[in-house]
Amino acid sequence: MAVKIIESCVNCFACEPVCPSKAIYEAKPHFLVDPKKCTECEGDFPDFQCASICPIEGAILNSLGEAINPPGSLTGIPPEKMAEAMAELQSH
Amino acid sequence: MQLPVLNDAPAHAAEKKGGCSASSCGTTDNQMDSLPDSIREKVQNHPCYSEDAHHYFARMHVAVAPACNIQCHYCNRKYDCANESRPGVVSELLTPDQAVKKTMAVAANIPQMTVLGIAGPGDPLANPERTFETFRRLSEEAPDIKLCVSTNGLALPDAVEELSKHNIDHVTITINCVDPDVGAKIYPWIFWKNKRIKGKKGAKILIEQQQKGLEMLIAKGILVKVNSVMIPGVNDQHLAEVSKVVKSKGAFLHNVMPLIAEAEHGTFYGVMGQRGPTPDELQDLQDSCSGDMNMMRHCRQCRADAVGMLGEDRGDEFTLDKIEDMEIDYQAAMEKRAVIHQAIQAEMDSKRLEKAEKAQQHKQEPKLSTRPVLMAVATSGQGVINMHFGHAKEFLIYEASPDGVRFISHRKADQYCAGDTSCGDGESVLQVTVRTLAGCEAVLCSKVGYEPWEMLEAAGIMPNGEHAMEPIEEAVMAVYKEMAAAGKLDSTPEAVRASA
């Protein structure tokens, strides 16, 4: 049982101090979670603390490998709208 | 001593709202009359707070604060981009130790740097350890530098005590609304008491924290400036109310900035096609708020790691590997800085005096009854017209009217002439620059090339290179009088934009 930080992490440090288990540490190229220490906040908080402050959709996965903050959930940008804008930019 | 900065309308001028709608007549003098001497003293060499000082003094930001506790719809937290110039963007994140080194290196090499700010790229107060470690060390090791911090306000009430312990006499709070319904359209979420709180509920908490923080800072005697981002259709109607509220609580300056939103920034507003305000819309709002509040119009919305005079960025000269090799004797640097600051202060004082005299003369001359005119100015500082049209990265916009000259805003321009022999696609950039100056009827610079001259004339903008090295306000007034004498300024009321 542990969450995982993946490569879309932007190294903003926000999650590190809020982890109740001190399971998050600075690493290259991005922050990592020590799976031995991560408790998924059980017993401390009802929500994953790291994923509650993380600003990047998809950067933190639960133990099933699913994004805790799926696309669109934080920015409010509908994923299809984002895809459209990116496709438009790349066509230039 | 009079401090001719910051566009502010004395109460009586605000009521009549005609002709010169935001005072600053004759010159920009008397704008800070409403401020007590203690505040004027504090801001007179601060480039971000004093329109006058920004021609002479430089600032820098150190990017030590990456974490944020809220999300704003105009911000994208994937902030690492070298080619963008806007808040929240940085190239190199610094540790407090690196930040102190960099600050001292810049202070020694750019002696006119008076101010060090921490503004992100996240929220400085959401990174209290890194932010306060930097402030603590700088107030000990570089006591001649003013320290500032800029925050979204969420963590502010808890930080006021600590802020008051350092050499910090200015805090900027970004307040975009005082109404949670408006806030819900700007802030999708906040992180508060171990929870992500979305929508109106989150916005309400943020607003309460901002207002509480503002009140606590004022009670401690710390100067507060309020930044607001103008978002057409979202908070543009609401910002006059924000201005009133923050003024009543004691903020000394309100900086209404235009929304920057482009799809390529990947922000909510950018991707969703939310537009920023036009220069006219921004000016109208600033003018309408200026009756209640000192308005700031020279903000350049700089990056969270900007270095240099406002409008320029010399960050490249002070990257980590470069400062590593610099040997800084700060004691010696401080002595040199003090001498230079005194010289600048003396120059500013004498210019102010000159300006006041000119204003006095202007008052005694017969008053024109002509309409106001916008003019663009190319300058690299010192308050004079000293830049070639093609070298200008930005233009300062002034309004001349029978009441005098006032600073309105700056507009960014791409440099079309890089000084090399082949001009590449220079011409199209030139066209963009000419478009940037829409609404202006003259452009004053040290020199203008033949090609831009023709293009400017065709666009109805009179190029003028006759006032090189002259003080800006005087030159603008001189050109205005020439235009009036040549009968170019009819005075039909419908043409008088500012009196609407």
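On a predicted model such as this, the values are computed, not experimentally measured, just so you know. Each chain gets a letter, A, B and so on, in the order its sequence line appears, and its residues count up from 1.
- By the 4.5 Å heavy-atom criterion applied to side chains, B/M272 and A/P78 are counted as neighbours.
- Within residues 152-161 of chain B, no residue approaches chain A closer than 4.5 Å by heavy atoms.
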Inset, instruction - Given side chain to side chain contact (heavy atoms under 4.5 Å, CB included), test B/F191 with A/Q49 step by step and report yes or no. - result: CA-CA 10 Å; B/F191 181 77; A/Q49 290 300 290; 3.5 Å; yes
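- Within residues 50-58 of chain A, the residues having any heavy atom under 4.5 Å from a heavy atom of chain B are, by residue number, A/A51, A/S52, A/I53, A/C54, A/P55, A/I56.
- The CH2 atom of B/W189 sits 11.0 Å away from the OG1 atom of A/T75 when rounded to the nearest 0.5 Å.
- Annotation: ring-ring contact (aromatic ring centres under 6.0 Å, His included) contacts of B/F268 (sequence neighbours excluded): B/H73.
- With a threshold of 4.5 angstrom between heavy atoms, A/A85 approaches chain B through side-chain atoms but not through N, CA, C or O.
- Of the atoms belonging to A/F45, it is side-chain heavy atoms, and not backbone ones, that fall under 4.5 Å from chain B.
- Of residues 231-239 of chain B, not one residue has a non-hydrogen atom less than 4.5 Å from any non-hydrogen atom of chain A.
- Between A/P46 and B/K195 the shortest heavy-atom distance is CG-NZ, 3.9 Å.
- Heavy-atom distances place the backbone of B/C68, and not its side chain, under 4.5 Å from chain A.
- Here the side chains of A/D47 and B/R196 are not in contact, with every heavy-atom distance at 4.5 Å or above.
- Summarising the geometry of B/V271 relative to A/I77, their closest heavy-atom pair is CG1-CG2, 3.6 Å, with the distance given to 0.1 Å.
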